Trainee: 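Take this structure, written in structure tokens, and hold onto it; I'll ask about it next.
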Amino acid sequence: MLVPVAVAAAVTTALATPSSLTCALGPSWQGLHGSLGPARRLQWPKKQKQCRRKVYAIDIRAQFELKPPPYPLDALEPHMSKETLEYHWGKHHRGYVDNLNKMIAGTELDELSLEDIILATYSKGDLLPPFNQAAQTWNHDFFWESMKPGGGGKPSGELLELINRDFGSFERLIDDLRSAASTQFGSGWAWLAYKANRLDVGNAVNPKPSDEDKKLVVVKSPNAVNPLIWDYSPLLTIDVWEHAYYLDFQNRRADYISVFLEKLVSWEAVSSRLEIAKARATEREEEEERKKREEEEKTSDGGEVPEIYVDNKSDDSETE
């Protein structure tokens, strides 16, 4: 979602020796783009709530940029005011991005994508300090892109087919989204997500463990938590933090949810995300099958490469 921008910061030669940072990641974990390899220990002292920095003669670190919504700030009026966008995007979202950059600068986390920072710092629910800033940065980018001017209506094509298959009807999906968003206690998010068959996600408790494969599901999450930690592919989100709607609706969360679903949601964005999610699931299945075949071949061969012997005399006689 956010694109790292390389920033070079010169430091004195006396500080040229690198020092590594650790935050306990536990066993090997999977990033969104595959395994990040064997366990690394990112030392993150509980009391200090910060990492030791990597220091080099030239310290190259990634920074994330505040990405604007894909429309002018007044484009969602009268359903969501320009004032709300200025406050929500310009203050809250900006704050998450700025704080994230400060927290990861010079650490091993600044070498990761935003999604992989979220997975690493969730730490099985024992949140490391950058998690909230990274997750809220990602969540808000995703939220802005879940809306469009003149939104609402009803989806079509394969998305609608899967909705009817997994929820029974489009109306039932809307009821489930409305219920998830309205019953999320305090701050949080409601989500429509694509769930591949990943029962053991390792880093978190799967909220919908099931042998059923490749389904659309509705889930809700508190605070900054999002479905990436459950290895789900988010398709749509409704922000139910109070600052998302208070200027326009005061404490009438239910009215805000209705307006979002009827006037703002971009089903085109949801359809595009579904295609990406399905492609990702297929790629992962193919990769897992490949690894499985390799393991089976190693087992059948006893882990050894068979030796081939050539009868040189026989070859020579044939040549003659």
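Since the structure is predicted, the reported quantities are computational estimates derived from the model, not experimental observations.
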Trainee: Could you tell me if the ring centre of H140 sits under 6.0 Å from that of H88?
Mentor: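 Yes, ring centres under 6.0 Å apart.
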Trainee: Taking the six-membered ring for Trp and the single ring otherwise, decide whether the centroids of Y87 and H243 are under 6.0 Å apart.
Mentor: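 No; H243 has its ring centre 6.0 Å or more from that of Y87.
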Trainee: Less than 3.5 Å apart, any donor N or O on the side chain of R280 or S233 sitting next to an acceptor on the other?
Mentor: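 The criterion, which ignores hydrogens and geometry beyond distance, is satisfied for S233 and R280.
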Trainee: Is the CD atom of E83 crowded by more than 12 outside heavy atoms at less than 6.0 Å?
Mentor: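 Not buried by this count: 12 neighbours or fewer within 6.0 Å.
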Trainee: How close do H79 and L264 get, counting heavy atoms only, and between which atoms?
Mentor: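 Taking H79 first and L264 second, the nearest heavy atoms are CB-CD2, 3.8 Å.
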Trainee: So does R94 pair up with D98, basic N to acidic O under 4.0 Å?
Mentor: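 Here R94 does not pair with D98 in a salt bridge, since their nearest N and O are not under 4.0 Å apart.
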Trainee: Quick one: does NZ or CZ of R252 land under 6.0 Å from the six-membered ring centre of Y246, within 45 degrees of the ring axis?
Mentor: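 The answer is no; the distance or angle limit is not met.
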Trainee: For A181 and I238, which heavy atoms make the closest approach, and how far apart are they?
Mentor: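 What the structure gives for the nearest pair is CB-CD1, 4.3 Å.
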Trainee: Just by distance, no angles: are the side chains of E161 and N164 close enough, under 3.5 Å, to form a donor-acceptor pair?
Mentor: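 Their side chains do not contain a donor-acceptor pair, so the 3.5 Å distance test is not met.
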Trainee: Would you call R290 and E287 a salt bridge, taking side-chain N to carboxylate O under 4.0 Å as the test?
Mentor: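 Yes, this pair counts.
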Trainee: According to the interplanar angle, ranging from 0 to 90°, do the rings of W191 and W138 count as parallel (below 30°), tilted (30 to 60°) or perpendicular (above 60°)?
Mentor: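 The arrangement is tilted - the two ring planes meet at 30° to 60°.
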Trainee: If you take all heavy atoms of Y122 and L127, which pair is closest and at what distance?
Mentor: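 Nearest pair, atom of Y122 first, then L127: CD1-CD2, 3.4 Å.
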